[in-house]
Amino acid sequence: MDWMAWTWPTAAFFAIIALLLVIFTVLAVKFPETPRVGILRTETTRGDRLFVTLLGSAFINLAWLGLVGVDTQPWAMAVCLVYAAAVFRWV
């Protein structure tokens, strides 16, 4: 397959997302939850917050690449982790 460069970081990225989806599915079956209302004033579940986290993290990484560059990209991951904690706490 020459159309995509499958590197270890790329494979790990997709494997982690797949693992998260499996974990959240098991959690939803084992521990059903009622939606809660956060700062967005809309009902969200764990899955909704995971989606918002993944989407926001993608934009954070794209903005980081465009504004800062690739040399300090691991710091973008730190920003994404803080963002994820905030989403799961307050959204």
| task | Name all residues meeting the side-chain hydrogen bond (donor to acceptor under 3.5 Å, both in side chains) criterion together with T25; count only those two or more places apart in sequence or in a different chain, and write none if there are none. | result | none
| Side chain proximity check, R46 to F31, heavy atoms < 4.5 angstrom | yes
| query | When hydrophobic residues are tied together by side-chain contacts of less than 4.5 Å, even through go-betweens, does F24 share a cluster with I16? | reply | yes
| request: Answer with yes or no whether the hydrophobic clustering places L50 together with I60; edges join I, L, V, M, F, W, Y residues whose side-chain heavy atoms lie under 4.5 Å apart. | output: no
| message | Is there a side-chain contact between T42 and V37 in this structure, where contact means two heavy atoms from C-beta onward sitting under 4.5 Å apart? | response | no
| Hphob cluster co-occupancy, L21 + F14, side-chain heavy atoms under 4.5 angstrom | yes
| message | Show me the pairs that pass salt bridge (charged side-chain N to carboxylate O under 4.0 Å, His left out) and involve residues 49-74, at least two apart or across chains. | response | E33-R49
Extract all donor-acceptor atom pairs below 3.5 Å that involve side chains of residues 72-90 and protein atoms in other chains or at least two apart in sequence.
residue, atom, partner, partner atom, Å
T72, OG1, W64, NE1, 3.2
Q73, NE2, N61, OD1, 2.7
Y83, OH, V52, O, 3.3

